[in-house]
Amino acid sequence: MAIKSDVLVVGGGLAGVTSAVAAARNGADVRLISHKKTTLRQASGLVDGLGYVPGRSQSTDREDSPSQKRRDFRAFRDNRSEYRGPLITPFDGIDSLPDGHPYSVLGADALRSGLSLFDDLVDGAYLGGHTEKNALVPTFGGTVKPTARYPRSAAAGIASDNRSMLVAGFRSFTDFDARMVADNLDAAGVPFGVTGAEIAFADTFPADAEVTRFAKALDHDERIDGTPARQALADAVSPHVGDAKRVGFPALLGDDNADEVRAELEERLGAAVFEIPTGPPSLPGLRLEDRLYAALDAEGVKYETGCPVVGYETAAGTPSRVETVLVDRSGQEIPYSASAFVLATGGFVGKGLDSDRDRVFEPVFDCHVPQPPDRYDWFVDDAFGDQPYARFGVNPDATMRPLDADGDPEFTNLYAAGSAVGGADVAREKSASGVSLATGAVAGRAAAAAIDDLNLELGTTEI
């Protein structure tokens with residue numbers, strides 16, 4: 001017997017969770033299945049909406065200050081001046097996006113709806129919802145990222161704040177170079193003084209120790225060379241603080257007790273303390289993953305991980321409607337049935353899209369992925385150029401149903417969300433999270449709405 005639900009979401013990242021919650025809040029019995037651990041743990045934990053859009057970054061009819069010129073140079077280097085930004089709000093440039101972009105298909109209100117749903121899910125752990133403006137948040141590369149929502153732990157570091165800053169790194173944590181971060185922020189023309197220092201802290205930890213090891217030591221205030229970890233960290237940083245009014249650390253200041261760790265460091269240092277997101281594995285990403293899956297529990301969504309979908313079956317006599325997906329559980333193919341399905345398996349990174357020498361394809365339902373027939377047209381020689389493959393994905397209608405090559409829905413009850421959807425170059429636009437939230441909210445609601453339509457079609461609902 002098939003395992004039944006109203007809506008089945010395939011994929012467990014930000015888009016999958018958003019779809020599942022949106023469907024559940026619209027009255028559906030929802031199940032989410034995911035093959036692997038989500039890519040959230042590899043992400044910064046920042047939630048971007050839209051930071052850059054096609055169009056030149058520089059204006060030729062203004063007098064630029066030296067700091068403005070440095071910012072323009074940074075934008076030119078990062079975006080090859082083909083993109084305009086950073087945008088003051090993530091809604092400023094939606095009209096400048098290509099017709100096939102998810103925001104162009106769904107409109108600005110879908111992004112607003114997705115961000116509002118995200119605010120509910122994280123329950124105060126993120127800031128930015130009080131305004132539509134992007135915040136400029138420092139990254140571990142020393143750039144500033146236009147961000148729609150950011151963790152409370154990063155709040156004191158936003159670049160619009162003109163308080164002087166110290167960036168503190170650990171000699172024993174080689175994935176973060178504090179002096180480089182400070183130098184790059186200064187070169188970007190930030191409106192405050194910034195210095196960097198590498199300090200001796202937890203030097204007895206292995207050179208390849210992960211961020212979670214440092215976080216655990218601070219969470220539990222372990223003794224390091226006889227001194228409690230938080231005091232040891234404050235003692236090491238204090239001589240470098242000087243006139244700095246805020247101190248930025250790599251994002252490893254505790255996990256379960258992160259607020260407590262930051263508060264104690266602020267008291268000891270006499271300065272505001274914030275975290276700068278690091279590369280993978282990302283502690284802010286892990287924290288966000290924990291919050292999102294707690295939200296699934298709170299919404300009554302059932303979920304399973306480690307379960308790859310290996311096939312699907314359509315309804316008897318109705319090839320346009322998916323009836324079940326086949327899930328590999330310990331070598332057995334178990335059927336999962338639903339009235340509606342959401343494809344949220346990700347893009348190339350999450351293997352929601354795949355390719356061989358002849359084509360790019362979506363491996364679960366084999367949905368149509370628009371692409372040039374010649375594989376040499378999938379990319380351009382300029383590594384920093386506008387790569388066609390970056391926009392590959394399924395082409396949806398306004399309810400997020402994937403369309404076939406003729407422009408008709410692949411299946412009447414299949415919806416798509418997140419990086420599986422084409423049309424956006426999320427890396428250059430700084431729009432990945434926003435696209436996941438907007439498409440997830442729409443797909444989840446549409447999937448829930450489809451249940452009644454299916455019941456009417458099958459004659460199982462009283463009229």
What salt bridge (Lys or Arg N to Asp or Glu O under 4.0 Å) pairs are there with at least one residue in [range], not counting sequence neighbours?
| range | result |
| --- | --- |
| residues 164-173 | Arg171-Asp203 |
| residues 10-26 | Arg25-Asp120, Arg25-Glu299 |
| residues 434-445 | none |

Is there side-chain contact between [X] and [Y], with heavy atoms separated by less than 4.5 Å?
| X | Y | value |
| --- | --- | --- |
| Leu343 | Val421 | no |
| Pro146 | Leu136 | yes |
| Leu32 | Tyr293 | yes |
| Glu260 | Asp219 | no |
| Met400 | Leu106 | yes |
| Phe348 | Val360 | yes |
| Phe170 | Leu252 | yes |
| Thr147 | Tyr126 | no |

Once rounded to the nearest 0.5 Å, what's the spacing between atom [atom1] of [X] and atom [atom2] of [Y]?
| X | Y | atom1 | atom2 | value |
| --- | --- | --- | --- | --- |
| Leu46 | Thr139 | CG | OG1 | 8.5 Å |
| Asn134 | Leu50 | CG | CG | 7.5 Å |
| Tyr389 | Leu353 | OH | CG | 13.0 Å |
| Phe91 | Lys133 | CZ | NZ | 13.5 Å |
| Asp6 | Asn26 | CG | CG | 12.0 Å |
| Leu437 | Thr18 | CG | OG1 | 4.5 Å |

Closest approach of [X] and [Y], non-hydrogen atoms and distance?
| X | Y | result |
| --- | --- | --- |
| Ala398 | Val442 | O-CG1, 3.9 Å |
| Ala340 | Ala447 | CB-O, 3.5 Å |
| Ala244 | Met165 | CB-C, 4.0 Å |
| Ala416 | Pro402 | CB-CG, 3.9 Å |
| Ser436 | Gly418 | OG-CA, 3.8 Å |
| Ala232 | Thr227 | N-CG2, 3.8 Å |

Show the numbers, then the answer: is there a salt bridge (Lys or Arg N to Asp or Glu O under 4.0 Å) between Glu222 and Arg213?
CA-CA 11 Å; Glu222 296 177 8; Arg213 179 66 188 96; 3.1 Å; yes
Using the six-membered ring wherever Trp is involved, compare the ring planes of Trp378 and Phe392 and label them parallel, tilted or perpendicular (cut-offs 30° and 60°).
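Rings of Trp378 and Phe392: perpendicular, as their planes differ by over 60°.
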side-chain hydrogen bond (donor to acceptor under 3.5 Å, both in side chains) pairs, two or more places apart, involving residues 246-258:
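Those involving residues 246-258 do not exist here.
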Show every side-chain hydrogen bond (donor to acceptor under 3.5 Å, both in side chains) that has at least one partner inside residues 269-281, sequence neighbours left out.
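Non-adjacent pairs meeting side-chain hydrogen bond (donor to acceptor under 3.5 Å, both in side chains): Ser153-Glu275, Glu275-Arg287.
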Would Val380 and Gln387 satisfy side chain to side chain contact (heavy atoms under 4.5 Å, CB included), going step by step from the backbone distance to the final call?
CA-CA 6 Å; Val380 296; Gln387 299 290 349; 3.5 Å; yes
Crowded around [X] [atom1]? As in, over 12 foreign heavy atoms under 6.0 Å?
| X | atom1 | result |
| --- | --- | --- |
| Asp243 | CG | no |
| Lys302 | NZ | yes |
| Glu210 | CD | no |
| Asp123 | CG | no |
| Glu304 | CD | yes |

Going by the ring-ring contact (aromatic ring centres under 6.0 Å, His included) test, which pairs reach into residues 236-278, not counting sequence neighbours?
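Qualifying pairs, neighbours excluded: none.
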May I ask you to decide if [Y]'s main-chain N or O and [X]'s side chain share a donor-acceptor pair within less than 3.5 Å?
| X | Y | value |
| --- | --- | --- |
| Ser164 | Lys245 | yes |
| Asn162 | Pro191 | no |
| Arg230 | Leu218 | yes |

Please walk me through it: do Met180 and Asp183 pass side chain to side chain contact (heavy atoms under 4.5 Å, CB included)?
CA-CA 5 Å; Met180 181 199 73; Asp183 288 346; 5.7 Å; no
Test side chain to side chain contact (heavy atoms under 4.5 Å, CB included) applied to Asp386 and Arg391, step by step
CA-CA 9 Å; Asp386 194 358; Arg391 298 185 183 275; 4.1 Å; yes
Let me see the working for Phe201 and Ile224 under side chain to side chain contact (heavy atoms under 4.5 Å, CB included), right down to the final yes or no.
CA-CA 9 Å; Phe201 174 70; Ile224 297 178; 3.8 Å; yes
Please list, chain by chain and in numerical order, all residues satisfying side-chain contact (heavy atoms from CB on, under 4.5 Å) with [X], sequence neighbours excluded.
| X | result |
| --- | --- |
| Ser5 | Leu8, Asp29, Arg31, Ala338 |
| Lys351 | Asp354 |
| Ser238 | Leu269 |
| Leu127 | Tyr150, Arg152, Ala155 |

Chi angles and distances behind the salt bridge (Lys or Arg N to Asp or Glu O under 4.0 Å) call for Asp109, Arg112
CA-CA 5 Å; Asp109 283 346; Arg112 288 188 175 91; 3.4 Å; yes
Would you please name every residue forming a ring pair (Phe, Tyr, Trp, His ring centres under 6.0 Å) with Phe205, sequence neighbours left out?
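Scan of Phe205 (ring pair (Phe, Tyr, Trp, His ring centres under 6.0 Å), adjacent residues dropped) gives Phe214.
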Examine the side chains of Ser116 and Asp119 and answer whether a donor and an acceptor come within less than 3.5 Å of each other.
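Distance-only check fails for Ser116 and Asp119.
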Report all side-chain donor-acceptor pairs from residues 93-101 shorter than 3.5 Å, counting only partners two or more places apart or in another chain.
from	atom 1	to	atom 2	distance (Å)
Ser96	OG	Arg84	NH2	3.2
His101	ND1	Tyr103	N	3.0
His101	NE2	Glu429	OE1	2.8
His101	NE2	Glu429	OE2	3.4

